[in-house]
Chemist: 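The structure under discussion is supplied below as structure tokens; questions concerning it will follow.
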There are 2 protein chains.
Amino acid sequence: MSQQRTDSSASPAFPDLPEATVARLPEYLRALHTLAEQGHDTVSSEGLAAAAGVNSAKLRKDLSHLGSYGTRGVGYDVALLITQIEAVLGLSQHRTVALVGIGNLGHALAGYGGFASRGFSVAALFDAERAQVGERIGDLVVRHIDELAEVVAAEGISIGVITTPVHAAQHVADRLVAAGVTSILNFAPCVLAVPPGVDVRKVDLAVEMQILSFHEHRKALTALPVPRPAPNGRAGEAIGT
Amino acid sequence: MSQQRTDSSASPAFPDLPEATVARLPEYLRALHTLAEQGHDTVSSEGLAAAAGVNSAKLRKDLSHLGSYGTRGVGYDVALLITQIEAVLGLSQHRTVALVGIGNLGHALAGYGGFASRGFSVAALFDAERAQVGERIGDLVVRHIDELAEVVAAEGISIGVITTPVHAAQHVADRLVAAGVTSILNFAPCVLAVPPGVDVRKVDLAVEMQILSFHEHRKALTALPVPRPAPNGRAGEAIGT
DNA sequence: TAATGTGAACTAGTTCACAGCT
DNA sequence: AGCTGTGAACTAGTTCACATTA
């Protein structure tokens, strides 16, 4: 998914983490915030792992890549770990987001409160349709896509979110890139072509459902073929750990 | 993410695919539909791989797990491959979805047209707040969560989508499970506890952004530390393939 | 000849299990 | 005593490169 590649000369202060680890850090961060709210100021790898939905060995290995922020016999300092993870993820500087495509989904994301609390603020909304332009959502007004470059520069936008229909997505991506945006979150169900150095992540709801469908289908198939007459206990249904 | 595990006794008609392959099949399917619309009735691994945003070796290996549906020297029959992938994903039977939590995001998903075209239909909407219940969205009316079990049975719901606030998510998951739902797509930023045999997938928009933020941060750090005075060519910016 | 299907080599990610701190 | 941090073993996933087949 990540499309850039850098040479392996990691600065000592900034080791390049395994991609799988990077993908889990936000989850740890979320879990840590929850724990902090609940008043914990220290947590064991076991405890944090449970809160984040992974096993403790994986968690310890992940955190070890950041350096040694735990205390043997005790656990991790919650506040310290939050600070460290936020630093690594680059959340110390508050990041601003531009949303392009103010349809159903765009509206929902524009109004979503969950971003601000997690290091992001939606700083601008864009659409190509005159009908949408000028509409007020929260404390933002939808602007025309032609103003993109200007606003990206003015607001220091660092992430572009595409919530347009498929047919417009590539065009919007091109304009975002031209405006200097180097990170894109794409909700349109299509592959975007972007130059090297630009990162694209894709969220496709139908894909998620189809993956679930596969497992649902498999459960149905594996439950039936061996329809033991249930002499003892319940037959069928996939087996847990 | 998938939480069920089955023994490796795969029926010959239903090999158990690598999880990574399963996660890509929906993308191939989408690409194939696009190609079909454009009038292609055959496509090479190279062509399909490009359309799906992967490399061709990976694509061929993935498809080889399904069986031999290609023709050497020619490529893959688009229509045939669509049929096969849909069969494997269990999309031959149209799946119905229940959406719980009709806030911002729930509204957007309820109104999203992209599901029907990809094998799913939203068959019911639920909320716990009296304020929402009774509201009409598209051709559905929001029902109270207490009707969940009844409707799941009546409509043969196979997937539950949670778009409630965090604090309600676990409770809703419990009720979905109690109602017999064994696949859940969770948009609430928390880990859900579910019994074995129930699959949960999570979509967290803030997590996606934080991953982008990490790479953005890294680009900034790797671009600066070696600020060559640009004797020839542009300095900085992550290097492409 | 052109493109699939696949063993073999390689790379990334996970889990184990325990040494080493506090 | 308890919990982290980590080498080592293992497992999953990717890529290569080519034999095979239409």
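Just so we're on the same page: letters track the sequence lines, and every chain starts at 1.
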Chemist: Distance criterion of 3.5 Å, no angle test: do you see the side chain of B:Arg60 paired donor-to-acceptor with the base of C:dT4?
Modeler: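 Donor-acceptor pair under 3.5 Å: no.
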Chemist: Do you know the tightest heavy-atom contact between A:Val78 and A:Thr42?
Modeler: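 Smallest interatomic distance, heavy atoms only, reads CG2-N, 3.8 Å.
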Chemist: Before giving the answer on salt bridge (charged side-chain N to carboxylate O under 4.0 Å, His left out), spell out for B:Arg218 and A:Asp199 the whole-Å C-alpha distance, their side-chain angles and the decisive distance to 0.1 Å.
Modeler: CA-CA 12 Å; B:Arg218 181 161 77 165; A:Asp199 283 294; over 6 Å; no
Chemist: Just how far, in rounded Å, is P of D:dC3 from CG of A:Leu59?
Modeler: 14 Å
Chemist: Taking atom P of D:dT14 as reference, at what distance in whole Å does atom CG of B:Asp62 sit?
Modeler: 7 Å
Chemist: Starting at atom CG of A:Asp77, determine the distance to atom C1' of D:dT4, rounded to an integer number of angstrom.
Modeler: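 Rounding to the nearest Å, CG of A:Asp77 and C1' of D:dT4 are 14 Å apart.
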Chemist: What integer distance in Å separates B:Tyr69:OH from D:dT21:C1'?
Modeler: 18 Å
Chemist: When you check the phosphate oxygens OP1 and OP2 of C:dG5, does a side-chain N or O of B:Tyr76 lie under 4.0 Å from one of them?
Modeler: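 Yes.
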Chemist: Check whether any side-chain nitrogen or oxygen of A:Lys58 sits under 4.0 Å from OP1 or OP2 of C:dT15, and answer yes or no.
Modeler: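 Yes, such a contact exists.
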Chemist: Provide, to the nearest angstrom, the distance between the NE2 atom belonging to A:His65 and the P atom belonging to C:dT14.
Modeler: 10 Å
Chemist: For a quick check, tell me whether the side chain of A:Arg72 and the base of C:dT22 share a donor-acceptor pair closer than 3.5 Å.
Modeler: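 It does not, because no donor-acceptor pair links the side chain of A:Arg72 to the base of C:dT22 below 3.5 Å.
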Chemist: Separation of A:Leu63 atom CG from D:dT6 atom P, in whole Å?
Modeler: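 Taking atom P of D:dT6 as the reference, CG of A:Leu63 is at 11 Å.
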Chemist: Return the nearest nucleotide to the side chain of A:Ser68; candidates are D:dT6, D:dA19, D:dG5.
Modeler: D:dG5
Chemist: Counting distance only, does the side-chain N/O of B:Arg30 pair as donor-acceptor with the main-chain N or O of B:Arg118 below 3.5 Å?
Modeler: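 Answer holds: no.
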Chemist: Verify side chain to side chain contact (heavy atoms under 4.5 Å, CB included) between B:Leu59 and B:Tyr28, making sure each step is shown before the conclusion.
Modeler: CA-CA 9 Å; B:Leu59 177 119; B:Tyr28 301 157; 3.7 Å; yes
Chemist: Measure from CG on A:Leu80 to C1' on D:dT4 and round the result to the nearest Å.
Modeler: 14 Å
Chemist: Output the single nucleotide from D:dT4, C:dT22, D:dA8 whose closest atom is nearest the side chain of A:Thr71.
Modeler: C:dT22
Chemist: Picking from D:dT6, C:dA3, C:dT6, which would you name as closest to the side chain of B:Ser44?
Modeler: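 The listed nucleotide nearest to B:Ser44's side chain is C:dA3.
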Chemist: Nearest of C:dT15, C:dG20, D:dG13 to any side-chain atom of A:Lys61?
Modeler: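 Selected nucleotide: C:dT15.
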Chemist: With no hydrogens and no angle check, just 3.5 Å: does a side-chain donor-acceptor pair link B:Glu216 and A:Ser158?
Modeler: no
Chemist: Look at the side-chain N and O atoms of B:Asn55 and state whether any lies under 4.0 Å from the OP1 or OP2 oxygen of D:dT14.
Modeler: no
Chemist: Side-chain N or O of A:Arg24 versus OP1/OP2 of C:dT14: is the shortest distance under 4.0 Å?
Modeler: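 The answer is yes; a side-chain N or O of A:Arg24 sits under 4.0 Å from OP1 or OP2.
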Chemist: Check the distance between D:dG5's C1' and A:Glu46's CD and give it to me in whole angstrom.
Modeler: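 Answer to the nearest Å: 15 Å.
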